[in-house]
Amino acid sequence: MALASHLSQALFPAASPSAAAGALLASTSPLPVRHLLQLHAHLLRTGVLLLSPTAASAFFSVAASSLPSLRALAVLQHHLTAASLPSTFCCNSILRCLSESDALSFLRRMRTLGRRGNAFSLAILLKPCRTLSHARQLHANVVIEGHLRDSLLATSLMRSYAICGVGDCARKVFDEMVMKDTVAWNVLITCYARNKRTKDTLWLFDEMRRGESEVKPDEVTCILLLQACTSLGALDFGEQIWEYAVEHGYGCELKVRNSVITMYTRCGCVEKAYQVFCHTPQKSVVTWSAMIMGLAANGFGEDAISAFEEMSRSGVVPDGQTFTGVLSACSHSGLVDEGFRFFDMMRYEYKMMPNVRHYGCIVDLMGRAGLLDEAYELVVKEMKVAPDATIWRTLLGACRIHGHVDLGEKVISHLIELKAQQAGDYVLLLNTYAAAGDWEKVAEVRKLMRENEIQTTPGCTTVELNGELHEFIADDASHPRKAEIYGKLDEINRHLRIAGYVPHVSSDLHDLDSEGKECALTYHSEKLAIAFALLVMPQRRPIRLAKNLRVCVDCHNFTKVFSGVYNRLVIVRDRTRFHHFNGGQCSCNDYW
DNA sequence: TTAGGGTTAG
């Protein structure tokens with residue numbers, strides 16, 4: 001403030017341009033916006049800004065360092081003329097302070113006044129660039145100014161395209177690059193991975209490994225690819241990456257190990273994840289959280305809690321994600337009291353503010369305990385953060401279980417308000433009415449769905465066999481081995497009935513009599529996939545299935561009994577978790 | 001002359 005006042009005194013009212021520039025150049029500390037604007041107005045009024053490029057340059061330097069995110073500079077730039085335009089060096093320091101669109105308009109203004117900017121200007125502009133049209137404009141500039149040989153600049157451009165979700169543009173820049181280093185490859189991989197082009201991502205690894213260039217995958221490449229395998233559930237490929245990492249000396253990198261732990265748990269291989277975890281000497285909070293979340297998602301709730309306690313004993317402090325893991329362990333395994341204990345611990349002992357995901361777990365737990373109205377009150381009155389669609393969906397799921405029709409209707413209205421309702425939500429509401437036996441309402445919702453052209457996602461189960469995916473939908477008749485599969489399923493059904501399996505008829509929505517419902521349940525996609533796996537897979541190998549929706553209660557019971565009668569380990573990954581069926585049991589308790 | 005920019009763990 002003292003400096004600002006000194007400057008004002010030096011410049012008001014009759015300071016010469018050189019005195020003004022001198023005073024401005026002498027200032028080293030930032031000025032408040034108010035003083036800066038006063039100063040600017042004065043410099044304009046007295047003509048200093050027009051008469052002295054040195055003073056203008058000095059002024060913008062001070063302004064740039066004073067105002068980190070400066071809308072005012074965007075206004076100021078319109079007063080620039082060719083004579084008052086600061087040097088490119090100074091312009092770049094102004095560019096660094098502007099928002100994405102203001103910086104672009106400033107660059108255009110510079111060009112209008114005959115100043116082109118340089119590679120530094122483009123580097124500054126590309127850093128915050130997150131808009132496709134801006135990326136395209138900057139791309140044109142990079143080409144026109146002949147900077148395509150600058151590999152850092154080109155990589156920066158690829159990164160912007162990656163953020164904008166246009167993989168093909170990033171690839172084009174990559175293909176035109178003269179020197180493609182590992183970072184450029186990694187940025188391209190990130191781009192494909194972000195845009196869910198997972199298979200292309202995996203191809204790039206092969207291309208990199210087998211290519212003739214010197215560039216080989218490094219630890220960052222391994223991390224990126226492991227993440228891609230995680231999202232794809234590609235166990236075999238994930239293991240190849242892990243082998244590569246170990247062979248090339250990246251096996252001890254903590255970030256790589258943490259990614260491997262996640263990859264294994266997300267592919268349902270908890271034991272292998274645990275092996276890697278145990279052999280990791282310096283476990284960070286990320287390592288512990290990855291293991292805790294992995295155990296939770298696979299239904300090993302008690303083990304997740306033990307891991308949390310061991311982590312605390314070892315002196316590692318939990319963070320928000322650790323609590324997400326341990327709370328979801330409690331909710332997936334139905335450990336209601338434990339869940340509330342951890343929720344209190346995070347709030348009162350660790351003084352953490354719960355986020356939407358933490359509340360989501362608590363709402364799920366309350367739903368399990370039948371505390372539906374209390375859960376609704378919590379969401380509406382106590383939550384410090386705005387509830388998202390997932391929270392409402394969780395509560396809607398609990399309404400279905402308990403047949404709480406009134407609350408279900410209230411919850412769906414919140415989803416509609418959020419404009420977030422999906423076909424699955426209407427199905428949940430439909431199920432709620434079905435659970436309450438209100439077939440008239442079921443028909444009403446069906447009509448509503450038809451009128452609004454709401455398409456439901458058909459349940460689909462996949463089995464991987466020798467790298468090939470076999471897909472099944474309910475009552476599927478498309479598989480070439482259809483007759484054998486249906487025959488096998490009938491045989492399995494007979495055996496399971498003897499062992500005590502009884503179809504869970506309310507799992508089906510149709511308003512049929514009990515016998516009709518049994519028929520409709522018989523050929524659900526999971527059951528067809530299990531019959532197929534039994535036909536084609538060698539004995540002792542675990543049967544791994546992936547289901548796009550939630551496993552229904554009847555299929556859950558069916559698979560549980562199946563795992564005991566046929567002595568097979570069945571691992572099912574559905575939309576939210578893993579189910580490990582073994583010896584007539586499942587890793588998740590009281591599944592609804 | 002000065003100044004600038006790219007990838008990475010749960």
Side-chain angles (χ1 to χ4, degrees), chain A residues 25 57 61 64-65 86-97 103 117-129 138 142 147 150-163 170 173-174 177 179-194 201 204 208 215 217-228 230-231 242 245 250 252-266 273 276-277 280 282-297 304 307-308 311 316 318-326 328 357:
Chain A
L25 283 168
S57 193
S61 286
S65 66
S87 66
T88 308
F89 171 68
C90 179
C91 285
N92 285 346
S93 59
I94 295 169
L95 278 173
R96 209 178 310 122
C97 305
N118 55 17
F120 289 92
S121 325
L122 292 168
I124 294 163
L125 281 154
L126 274 168
K127 198 173 165 68
C129 174
L138 291 170
V142 169
H147 297 303
D150 185 333
S151 66
L152 264 76
L153 209 52
T155 315
S156 196
L157 183 59
M158 282 171 63
R159 175 184 163 271
S160 293
Y161 277 134
I163 294 167
V173 176
F174 179 79
M177 279 173 76
M179 291 288 292
K180 300 174 175 65
D181 62 8
T182 314
V183 181
W185 280 91
N186 290 345
V187 172
L188 189 61
I189 289 172
T190 310
C191 182
Y192 283 167
R194 267 199 194 146
T201 311
L204 281 179
M208 240 180 140
V215 176
D218 66 359
E219 78 271 26
V220 178
T221 322
C222 292
I223 290 165
L224 294 169
L225 288 158
L226 285 164
Q227 289 171 332
T230 301
S231 67
W242 177 220
Y250 308 127
C252 295
E253 297 276 343
L254 191 57
K255 287 183 182 177
V256 174
R257 298 185 76 88
N258 294 340
S259 304
V260 171
I261 292 169
T262 304
M263 183 275 292
Y264 271 134
T265 62
R266 296 288 294 141
V276 179
F277 172 80
T280 303
Q282 299 283 319
K283 299 178 185 67
S284 70
V285 65
V286 178
T287 320
W288 283 100
S289 304
M291 195 65 238
I292 290 169
M293 284 194 257
L295 287 165
F308 181 89
M311 180 191 89
V316 174
D319 66 8
Q321 293 206 58
T322 327
F323 277 106
T324 305
V326 81
S328 76
R357 282 189 299 281

Could you list the residues that satisfy side-chain hydrogen bond (donor to acceptor under 3.5 Å, both in side chains) with [X], not counting sequence neighbours?
X	value
A:Asp319	A:Thr322
A:Ser231	none
A:Asp150	none

Identify whether any heavy atom of [X] sits under 4.0 Å from a base atom; if not, whether one sits that close to sugar-phosphate; answer base, sugar-phosphate or nothing.
X	answer
A:Val183	base
A:Val260	nothing
A:Leu152	base
A:Thr221	nothing
A:Gln227	sugar-phosphate
A:Asp319	base
A:Ala184	base

*Which residues share a ring pair (Phe, Tyr, Trp, His ring centres under 6.0 Å) with A:Tyr264, sequence neighbours left out*: none
*asked:* Checking A:Trp185 now: which residues fulfil ring pair (Phe, Tyr, Trp, His ring centres under 6.0 Å) with it, not counting sequence neighbours?
replied: A:Phe174
*asked:* Taking the ring of A:Phe89 and the ring of A:Phe120, is the distance between their centroids below 6.0 Å?
replied: no
*Bounds of contact between DNA chain B and chain A, in 5' to 3' order, using a heavy-atom cut-off under 4.0 Å*: B:dT2 to B:dG10
